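Excluded from the calculations below are hydrogen atoms, water molecules and symmetry mates; all remaining heavy atoms, backbone and side chain alike, are included. All figures in this text were calculated on a predicted structure; none of them were measured in a lab.
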Amino acid sequence: MKVGLVGHSTSGKTSLYRAAALGHAKGEVTAVAVPDPRFDAIVRQVEPKKITPATVVFHDDLEALQGSGRMISQRLLDDAKKMDVLLHVVRAFESDSMPYHKAVDPARDREALEVDLVIADLQVVENRLEKLSKSLNARNPGHMDYLEKVLFEKLKAPLEEGVSMRNIELADDEAAIARNYQFMSFKQMVVAFNVSEEHASEPTAAVQEEIEKLRMANTQAFAVCATLEDEVSQLDPVDQPQFLKSMGLTEPASARLIRAVYDALGLITFFTAGENETRAWPLKRGSNALKAAGTIHTDIAKGFIRAEVVHYNVYREFGSLDAAYKAGKMSLEGKDYVVQDGDLLHIRNKT
């Protein structure tokens, strides 16, 4: 999962990047293990030769937003298209050194980027519709040109009204076409309002209002003091909880950020637990056992027979997979079984 940080150069996005990287930032791109106490418990019990947690790759190499006029450059658009999620770091703290906008206005800064993304998508739609107007295939129901024409005509009006594509209801086949065009406002967004240390545990009313507005629109958002979290990430892990508690916080920004990314992408985690390798696997919520098998390896999916399933809560109750199996708590499921968050899977296959 690639997460691209976007924001003005002095919004604090690099400080948040370092905090998200848990103090181990390597240049401008860092892979971070997804914190999961369930996975840690499985690893302790199994003691495998190899441990592979789920990871999120944070990118701080995207070009900074501009201060006036068109905020987002073509270079930034091109780089952002490669990301699975965009993390917009919005300034919500006072600073006399800011080169952009004298007054703090989180709503203005957040909306300005959203408008630019919508405009970029509208240009793509208009250009494509112009080409499709000259296509004979666009008059043939069932042809891809026809399907694109119907979809883009559907998208044009709401985009003109400033509606992001992620807030436009699309059928599965329409969403598949949209993904092919890498529309920017269709891409999932997480918004981090970078507040002062004074408001780290209790954001201002304006920030809280923005967070609530975004959550009602199914956009993940939270407040964070990036400089404070950067300091926390430099501490010994043993000392971090006490420091966070002294600041009125319950967990580091990295945990909140990764959880927001998972929620934005609609992901769950399933596990495979073996002595050679124990691994955590991200999976789209609602996916079936065949899709999970394909996530592990395409050959396993091709030879799929059955999935042996033990949920983590059962595993925890009995202490090991062997004990759960002996107690008859393993269920055999077919390819249509919907995988649940925390399932431990073993795929029986023909290979």
Side-chain angles (χ1 to χ4, degrees), residues 1 3 31-57 84-85 172 188 190 215 218 220 237 241 250-252 254-351:
M1 291 171 283
V3 179
V32 179
V34 174
D36 193 328
R38 301 171 303 180
F39 182 66
D40 297 339
I42 294 170
V43 167
R44 285 194 299 270
Q45 188 272 316
V46 176
E47 297 183 340
K49 296 176 182 177
K50 183 178 180 182
I51 300 168
T52 307
T55 59
V56 172
V57 181
D84 298 305
V85 179
D172 289 345
Q188 290 300 318
V190 174
R215 288 176 177 172
N218 296 316
Q220 297 297 317
T250 58
E251 60 181 352
S254 57
R256 280 179 287 162
L257 178 50
I258 290 174
R259 187 167 61 247
V261 168
Y262 256 61
D263 288 343
L265 292 174
L267 297 175
I268 62 170
T269 303
F270 74 91
F271 308 103
T272 51
E275 292 182 357
N276 288 329
E277 181 181 15
T278 292
R279 184 163 181 167
W281 302 86
L283 185 70
K284 196 78 172 178
R285 188 179 301 277
S287 296
N288 59 27
L290 184 62
K291 180 68 175 177
T295 301
I296 298 170
H297 199 286
T298 53
D299 288 345
I300 293 178
K302 290 177 183 177
F304 184 97
I305 299 174
R306 287 284 187 274
E308 298 177 2
V309 183
V310 175
H311 192 271
Y312 176 76
N313 289 340
V314 174
Y315 170 88
R316 182 178 60 181
E317 179 183 353
F318 287 89
S320 72
L321 279 175
D322 285 343
Y325 275 50
K326 289 177 181 177
K329 298 300 181 179
M330 179 273 288
S331 62
L332 279 176
E333 304 290 351
K335 61 178 66 175
D336 293 329
Y337 168 75
V338 177
V339 178
Q340 303 299 304
D341 184 38
D343 277 351
L344 286 86
L345 300 183
H346 175 70
I347 307 297
R348 295 185 184 178
N349 63 93
K350 298 175 183 177
T351 55

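- Side-chain atoms of Tyr312 and Asp36 include no donor-acceptor pair closer than 3.5 Å.
- Side-chain contact check for Lys284 versus Lys291: every heavy-atom pair is 4.5 Å or farther apart.
- At least one side-chain heavy atom of Ser331 sits under 4.5 Å from a side-chain heavy atom of Val309.
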> Could you walk me through whether Arg215 and Asp263 pass the salt bridge (Lys or Arg N to Asp or Glu O under 4.0 Å) check?
Replying inline: CA-CA 11 Å; Arg215 288 176 177 172; Asp263 288 343; over 6 Å; no
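- Within the 4.5 Å cutoff, no side-chain heavy atoms of Val85 are placed close to those of Gln220.
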Report all side-chain donor-acceptor pairs from residues 47-57 shorter than 3.5 Å, counting only partners two or more places apart or in another chain.
unit_1	atom_1	unit_2	atom_2	d
Thr52	OG1	Glu277	OE2	2.6

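- Interatomic distance, Phe271 CZ to His311 NE2, rounded to the nearest 0.5 Å: 9.0 Å.
- Taking 4.5 Å as the limit, some side-chain heavy atom of Ile347 sits within range of a side-chain heavy atom of Phe304.
- With hydrogens and angles ignored, the 3.5 Å screen pairs no side-chain donor or acceptor of Glu308 with any backbone N or O of Arg306.
- Looking only at side-chain heavy atoms (C-beta outward), Thr272 and His346 stay at 4.5 Å or farther from each other.
- The side chain to side chain donor-acceptor pair (under 3.5 Å) search around Glu317 returns none, not counting sequence neighbours.
- Between the OH atom of Tyr315 and the CG atom of Asp343 there is a distance of 14.0 Å, given to the nearest 0.5 Å.
- In terms of heavy atoms, Ile268 sits closest to Tyr262 at O-CE2, 3.9 Å.
- Side-chain atoms of Thr298 do not come within 3.5 Å of backbone N or O of Gly294 as any donor-acceptor pair.
- Of all heavy-atom pairs between Lys329 and Val310, the closest is O-CG2, 4.3 Å.
- Distance CZ/Arg44 to CD1/Ile42: 10.0 Å, rounded to 0.5 Å.
- Using a 4.5 Å heavy-atom cutoff, the side chains of Ile305 and Lys350 are in contact.
- When every heavy atom of Leu265 is checked against every heavy atom of Asp84, the shortest pair comes out as CD2-O, 3.8 Å.
- In plain terms, the two heavy atoms of Leu344 and Ala273 that are nearest each other are CD2-CB, 4.2 Å.
- With rounding to the nearest 0.5 angstrom, the CD atom of Gln340 is 13.0 Å from the CZ atom of Phe270.
- Using a 4.5 Å heavy-atom cutoff, the side chains of Thr269 and Asp341 are in contact.
- Heavy-atom contacts from other residues, nucleotides or ligands closer than 6.0 Å to CZ of Arg38 number more than 12.
- Residues Leu345 and Trp281 are not in side-chain contact: their nearest non-hydrogen atoms beyond the backbone lie 4.5 Å or more apart.
- Residues that satisfy the side chain to side chain donor-acceptor pair (under 3.5 Å) test with Arg259, not counting sequence neighbours, are Glu251.
- Taking CZ from Arg348 and CD from Glu333, the interatomic distance works out to 11.5 Å, rounded to the nearest 0.5 Å.
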